[in-house]
Each structure stands twice: as structure tokens, then as C-alpha cells.
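What follows is one structure encoded as C-alpha cells, with my remarks underneath.
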Amino acid sequence: MSRVYNFSAGPAVLPEEVLQEAADEMLDYRGCGMSVMEMSHRSKVYDDIIKEAEADLRDLMNIPDNYKVLFLQGGASQQFAAVPMNLMKNKKAGYIITGQWAKKAAAEAKKYGEVVELASSADKTFTYIPDCSDLPITDDMDYVYICENNTIYGTKYKTLPNTKGVDLVADVSSCFLSEPIDVSKYAVVYGGVQKNVGPAGVVIVIIREDLIRDDVMPFTPTMLKYKTQADKDSLYNTPPCYNIYICGKVFKWLKKMGGLTEIQKRNEEKAKILYDFLDQSKMFKGTVEAKDRSLMNVPFVIGDKELEAKFVKEAEENGLVNLKGHRTVGGMRASIYNAMPKAGVEKLVEFMKKFEAEN
Ligand SMILES: Cc1ncc(COP(=O)(O)O)c(C=O)c1O
């Protein structure tokens, strides 16, 4: 077996321990004679799996009792529509534009109501998080929307916006479970799991109960109505059973290591190794304002396309894969999610040092 260090932005690296455990249970899940892939979502065995996953997530994130946890399909992108359909009572919301995913969410919401662009960092290609201490938020807004960690540009909110009492909705796809958060500060937290939590195909929505309503937009598809899903504990129809089972294993992996405080410490350590190197390198440059740097996605450039292509190719030959930057920004990007071992980041930095010396 030869495993590489996979710096993909998502789907991304998963803990080896989790993959091994899943492999061991593949043909016969704990004596029931079948794989989790093959069992009914209505079976007692599966009910235990999904309930345990939810309980572990609640425990990890310290989710208050007045929040529901939903395991849904459609990815984070489906939530771009589900959020306004369910939450836009006044048909007005504020969006902070910090990159492509926030932009896409705002564009989708515009189909259902008025979208006020509260702030944007488009003027500097999304290399920073705008000042959100005094935004033009009004009482008639149903919510304020942020993308908390910007996967493509490598920025992250270090403090949440001052929403002036309006509900906050956050897409946390690329920083999910990377550090502790105070769920009570959000109305809705959601994220696709394929970066930090599990295999693509699940989006987890954590939503305050008073926002789960019947009076959603009348054309809201049954499946996109949070109430449908909440009333049935995410089992209205067949959920992505196997993927939820893997998410559950990742939750246990995190709990075993000491939870989100511990993973935050490890993530800070890993990111520091890379950022410290970038800060002193003459060849490689980080692209993000230091104060807004993500712990998860680290974009950097050389500024010479040919040399960048050579770097990506040679890195791959050395077992460091998926370092090419997003197609819209170029350069390189190392995604160093929870499951990326420190040794992977150290090996990357060693390789960058060697590349710099040789080129
Ligand atoms: C922050 C963020 N939001 C949304 C998405 C879209 O996710 P999905 O492919 O699950 O729709 C991504 C995907 O990379 C992302 O990084």
C-alpha cells in the first residue's frame, strides 16, 4: 500500500484509521452479515448508526438542545436555495461576498427575494475578509449570510460579523469541525462534509428550531423544506446511509483525540509550519492578508506559470498531490484539513525548500 499526501480542497483526505475501520467492516458490519451499504435505512442497526452519529456531533460541537441536526443530500450548493426558501419571510437578506461560494449563494438567493450586498472583498480578488463591525444591516432582513472559510481564496472570518441582532447563516463547508464554535451565535450552520468530515454526498445542517416552519415559500420542494427533514430525523426518504456512517466514524476519531480544542491546536501547529515558511521564502508567496488566513486552505504563488507547473508536477512525483490552485486563481493551494497529518505538511515544506534552492 502506498498512500500519498493529498492536499485536495475536496473531496479530501480522510483519517486513515477511519478508512481502515470501514474496510474491516465492509463485508460484515459487526456481525449482521452485510455491509452498511446494503442495509435498510429503517433497520434497527442503521437507526443506531445515525442516532449515534448525531449524538457524537452534538457532543463534539456542544450543540444546544434547541437546534436540530439534519443529514441531507444535495451538497452545500443545494443549501444556497434551501436557506432563502425556508428563511426569507420578509423576502430580504444581507450577503457578505468573500468569494465564489458566497457569490453563488447570493445569486441563488436573488431568485427568491431581495439580496443586499453588505460588504465584499472582490476589489482585491477576495484576499481578505472585509470589516464587518458596522454593516448596513436593517431589521427587515431575514438573515445575514456568510461563507465562513473561503476554500478557493484561503480566507477565514476570525470574528463573526456584527449582525445587529439579525440571524446569522454560515456555510462552514471548509472549516467544519476544525475548531470549536459557539453554535448559539448562529441561526443556521451548514456544510458539505467532503472536506473535513466524510465522503461527498452529505450536507449537515444545524438549525435553530424556531426557524423550522411550515410557512416556507409555497413552491419549496418537499425535500428542501427543513420541516420535512426535521420531523423525520433526516429519514424522510433514503439518506446517504454509508456516507453518514463514515461521518460518524470521523466524529468518533475527533472525540478520541480530545475533540475540537485539540484538533484546533493541531491545525494551528500545521498551518504555522506552512505560513512561517511562506513568510520567509524568496520564491513562494502566500496570497492572503495575514490576519485573515485560513487554517484549512493555504493558497500561494511563485508568480511564474512555468515554474508553478513544474512545482506541481515534481511535488506529485514526490507523493504530494493535488497542489494546483483553483482554476480561477491559478498558483498553488495546499488544503490541510483535519485529517492531513503534520508529517504531510512538514514533507511539503521540505520539498518547497529544496525546490527553491534548486530553481
Ligand atoms: C465553502 C464552500 N461552499 C460550498 C461548496 C459547494 O459544495 P458542494 O459541492 O457540496 O455543493 C464548496 C465546495 O467546494 C465550498 O468550498
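Whatever order the structure lists them in is the order used to number ligands and atoms, beginning at 1.
Any N or O atom pair closer than 3.5 Å counts here, and Asp171 shares at least one such pair with ligand 1. Below 3.5 Å of separation, one finds no N or O of Asn149 facing any N or O of ligand 1. For ligand 1, the polar-atom distance check against Phe80 finds no nitrogen or oxygen pair separated by under 3.5 Å. Between Gln194 and ligand 1, a contact under 3.5 Å exists for at least one N or O pair.
Of all protein heavy atoms, the one closest to atom 11 (O) of ligand 1 is Ser77 OG, 2.5 Å. The protein atom (non-hydrogen) at minimum distance from atom 12 (C) of ligand 1 is Trp101 CE2, 3.3 Å. Among protein heavy atoms, atom 1 (C) of ligand 1 sits closest to Thr151 OG1, 3.3 Å.
Distances below 4.0 Å separate heavy atoms of Cys147 from the following atoms of ligand 1: 1 (C).
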Which donor-acceptor pairs under 3.5 Å do side chains of residues 194-202 form with protein atoms, sequence neighbours excluded?
residue : atom : partner : partner atom : Å
Lys195  : NZ   : Ala9    : O            : 3.2
Asn196  : OD1  : Asn338  : N            : 2.8
Asn196  : ND2  : Phe176  : O            : 2.9

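In this pair, Tyr95 and Tyr145 present their aromatic rings parallel. The plane angle is below 30°, not in the 30 to 60° band. Ring-plane geometry between Trp101 and Phe80 is classed as tilted, the angle between the planes lying from 30 to 60 degrees on a 0 to 90 degree scale.
At distances below 3.5 Å, at least one donor-acceptor pair connects side-chain atoms of Asp142 with backbone N or O atoms of Asn90. Between the side chain of Gln280 and the main chain of Phe277, a donor-acceptor pair closer than 3.5 Å is present. Between the side chain of Glu179 and the backbone N or O of Gln264 there is no donor-acceptor pair closer than 3.5 Å.
Proximity of Lys104 to ligand 1 is not established, as no heavy-atom distance is less than 4.0 Å. Ligand 1 is never approached by Gly10 to a heavy-atom distance shorter than 4.0 Å.
A donor-acceptor contact under 3.5 angstrom links the side chains of Asn150 and Thr155, judged on distance only.
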